[in-house]
Student: 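Right, I'll just put the structure down here and ask away after.
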Protein chains: 2
Amino acid sequence: MAKTVSVKKVAVKECCPVVSRILAAAEKLFSKHGFAAVSMSAIAKEAGTSKANIYHHFRAKDDLHQAALRFAAESIKSLLENVEESGGTVSRKLELFAQAHIEGMHSHPDMSRLILRELLTDSRKRGREIAESGFARNFSALTTLVRKGQKNGELRKDLDPAAVTALVLAANIFFFQNNDVLRHYREVTFADDPEGYVKTVSEILLNGIRPR
Amino acid sequence: MAKTVSVKKVAVKECCPVVSRILAAAEKLFSKHGFAAVSMSAIAKEAGTSKANIYHHFRAKDDLHQAALRFAAESIKSLLENVEESGGTVSRKLELFAQAHIEGMHSHPDMSRLILRELLTDSRKRGREIAESGFARNFSALTTLVRKGQKNGELRKDLDPAAVTALVLAANIFFFQNNDVLRHYREVTFADDPEGYVKTVSEILLNGIRPR
DNA sequence: TGCCCGACCAACCGGCCGGTCAGCAGCCAT
DNA sequence: ATGGCTGCTGACCGGCCGGTTGGTCGGGCA
């Protein structure tokens with residue numbers, strides 16, 4: 001009866017159809033409106049079940065949020081795995097990573113938004129570490145790749161690899177988060193063309209905006 | 001008695017001390033926890049007044065949120081005004097803008113977070129346009145600057161000016177939003193040094209990460 | 001002095017919140 | 001048939017929510 005906050009299910013993935021429906025509903029609503037703005041009734045309605053049934057499968061609202069977050073984070077495998085084995089220059093790998101990263105966010109917008117939202121929420125919050133873990137995986141993999149490029153002379157050695165990594169991720173996350181806003185600026189033509197955006201950004205990062 | 005949703009005060013700035021205290025409290029709490037997660041009682045407590053008194057000055061919770069947002073957005077003057085008259089190359093001006101931009105966010109974190117939070121919230125929402133307006137001002141001023149640099153040959157002409165602008169803003173906003181997360185990555189050394197971060201980023205953007 | 005008006009507040013309202021619980025339909029083993 | 005087990009539900013709870021109300025207080029003004 002103690003107020004334990006441990007997570008009920010370890011492998012929560014697909015024990016039964018209603019659970020994954022609940023998780024999908026939670027993911028969708030939490031990512032769109034935020035944790036506090038979504039009621040359990042709303043989630044139940046979206047999942048096509050009853051509120052009590054959610055409490056049959058999850059201990060509390062916070063547990064459900066954690067589970068949805070964990071489920072989303074699990075699905076983010078290291079994007080560099082496929083890229084690494086593709087052969088080619090580090091520059092090329094960087095662009096491929098960026099391409100895969102932005103495409104991944106685009107095809108799983110709810111998951112991505114859920115994680116990003118948690119990332120920039122108040123620290124100290126439970127679940128923050130889950131969001132961070134997925135983020136950290138990509139960050140450190142990218143940094144390693146940059147270091148390799150510096151070692152073999154393909155990239156400048158006088159730059160902080162973490163700063164390069166931050167720039168690549170920043171460009172992608174910015175595009176994903178602010179797409180709706182950017183879309184109706186007349187200066188912006190790339191809002192519906194993530195691939196073109198990544199190409200331009202890669203070109204800028206690799207060769208700079210000053211003429212060579 | 002009609003359910004009008006117009007804003008009560010046009011110049012809401014400092015009609016009386018308690019109003020600005022309420023606005024400051026709203027700005028702080030909304031930016032930290034989000035609209036739905038903050039109760040009027042909490043704002044009243046933070047502002048050192050009563051909930052009823054807030055409703056004496058603002059029609060509804062949403063009105064208060066709007067007012068706080070408007071107040072924050074008003075204070076964002078075009079950061080390029082001072083930069084423009086500084087003379088110097090376009091490259092230098094770009095770096096100065098970035099420096100001023102990140103410093104502005106750093107010294108008014110609540111305002112910045114409030115606006116950024118609103119920016120990435122569900123479209124259709126009232127108040128989104130307020131957040132967009134401040135964003136748009138900086139975006140289009142920066143784009144103009146980039147165009148000027150392209151015209152006088154200082155910057156490459158084959159790059160989309162909006163993409164360059166997006167990259168500059170992305171780098172800064174990413175740094176500001178994710179600072180707490182980045183801080184405890186061992187690869188990251190620039191978390192407490194925004195000036196150094198901007199310098200590195202500017203160098204990358206101007207000259208690229210490939211050796212010349 | 002008397003009065004008026006805006007700033008302010010304690011107490012309250014209906015309603016929705018997260019969370020609980022007794023019990024029901026179906027199904028399998030006995 | 002029957003008793004228990006599982007997956008699930010409608011009805012309900014106390015509490016907090018956004019918002020209202022009736023009224024106090026104090027300074028300008030006649």
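Values reported hereafter were calculated over all heavy atoms of this structure, with side chains retained and with hydrogens, waters and symmetry mates removed.
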Student: Using OP1 and OP2 only, check whether a side-chain N or O of His56(A) sits under 4.0 Å from dT20(C).
Tutor: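 No, because none of the side-chain N or O atoms of His56(A) sits under 4.0 Å from OP1 or OP2 of dT20(C).
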Student: Rounding to a whole Å, what distance do you find between Ile22(A):CD1 and dG7(D):P?
Tutor: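 Going from CD1 in Ile22(A) over to P in dG7(D) covers 12 Å.
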Student: Passes salt bridge (charged side-chain N to carboxylate O under 4.0 Å, His left out), Asp63(B) versus Lys61(B)? Steps please.
Tutor: CA-CA 5 Å; Asp63(B) 262 28; Lys61(B) 188 187 184 186; over 6 Å; no
Student: Does Asn53(A) place a side-chain N or O at less than 4.0 Å from the phosphate oxygens OP1/OP2 of dG7(D)?
Tutor: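 False: Asn53(A) side-chain N/O out of range (4.0 Å or more) of dG7(D) OP1/OP2.
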Student: In whole angstrom, give the distance that lies between atom CZ of Phe58(A) and atom P of dG18(C).
Tutor: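 One finds 15 Å between P of dG18(C) and CZ of Phe58(A), rounded.
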Student: Starting at NZ of Lys45(B) and ending at P of dA10(C), how long is that distance when rounded to a whole Å?
Tutor: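 These atoms are roughly 14 Å apart.
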Student: Distance check: side-chain N/O of His57(B) vs OP1/OP2 of dG6(C), anything under 4.0 Å?
Tutor: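 No, outside the criterion.
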Student: Quickly work out the Lys61(B) NZ to dG15(C) P distance and round it to whole Å.
Tutor: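 Atom-to-atom, Lys61(B) to dG15(C), this comes out as 19 Å.
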Student: Which atom pairs, one a donor and one an acceptor, fall under 3.5 Å between side chains of residues 171-180 of chain B and the rest of the protein, sequence neighbours left out?
Tutor:
residue	atom	partner	partner atom	Å
Asn172(B)	ND2	Ala98(B)	O	3.2
Asn172(B)	ND2	His101(B)	ND1	3.1
Asn179(B)	OD1	Arg183(B)	NH1	3.3
Asn179(B)	OD1	Arg183(B)	NH2	2.8
Asn179(B)	ND2	Ala191(B)	O	3.0
Asp180(B)	OD2	Ser123(A)	OG	3.2

Student: So does Lys51(A) reach the base of dG19(C) with its side chain, donor to acceptor, closer than 3.5 Å?
Tutor: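 Such a pair exists between side chain and base.
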Student: Please work out if Ser50(B) contacts a base, only the sugar-phosphate, or nothing of the nucleic acid, heavy-atom cut-off 4.0 Å.
Tutor: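 Base contact.
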Student: When the side chains of residues 129-136 of chain A are checked against the rest of the protein, which donor-acceptor pairs come out under 3.5 Å, sequence neighbours left out?
Tutor:
residue	atom	partner	partner atom	Å
Glu132(A)	OE1	His184(B)	NE2	2.9
Glu132(A)	OE2	Arg128(A)	NE	3.0
Ser133(A)	OG	Ile130(A)	O	2.6

Student: In whole Å, I'd like the distance from the CZ atom of Arg59(A) to the C1' atom of dT20(C).
Tutor: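 Nearest whole value for this atom pair: 16 Å.
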Student: Of Ala52(A) and Ser39(A), whose nearest nucleotide on DNA chain C comes first from the 5' end?
Tutor: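 So the residue in question is Ser39(A).
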Student: Please state how far atom CG in Leu29(B) lies from atom C1' in dC17(D), giving the value in whole angstrom units.
Tutor: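 In whole Å, dC17(D) C1' lies 16 Å from Leu29(B) CG.
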Student: Which word best sums up how the rings of His65(B) and Phe30(B) line up, parallel for under 30°, tilted for 30 to 60°, or perpendicular for over 60°?
Tutor: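 The arrangement is perpendicular - the two ring planes meet at more than 60°.
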Student: Can you confirm if the NZ or CZ of Lys125(A) lies within 45° of the ring axis of Phe35(A) and under 6.0 Å from the centre of its six-membered ring?
Tutor: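 Yes, Lys125(A) sits over the ring of Phe35(A).
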Student: In whole angstrom, what separates Tyr55(B)'s OH from dG23(D)'s C1'?
Tutor: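 Answer to the nearest Å: 20 Å.
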Student: In whole Å, what is the span from the CE atom of Met40(A) to the P atom of dC13(D)?
Tutor: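 Value for this atom pair: 21 Å.
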Student: So does Thr49(B) get a side-chain nitrogen or oxygen closer than 4.0 Å to the phosphate oxygens (OP1/OP2) of dC8(C)?
Tutor: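 Negative; the distance criterion is not met.
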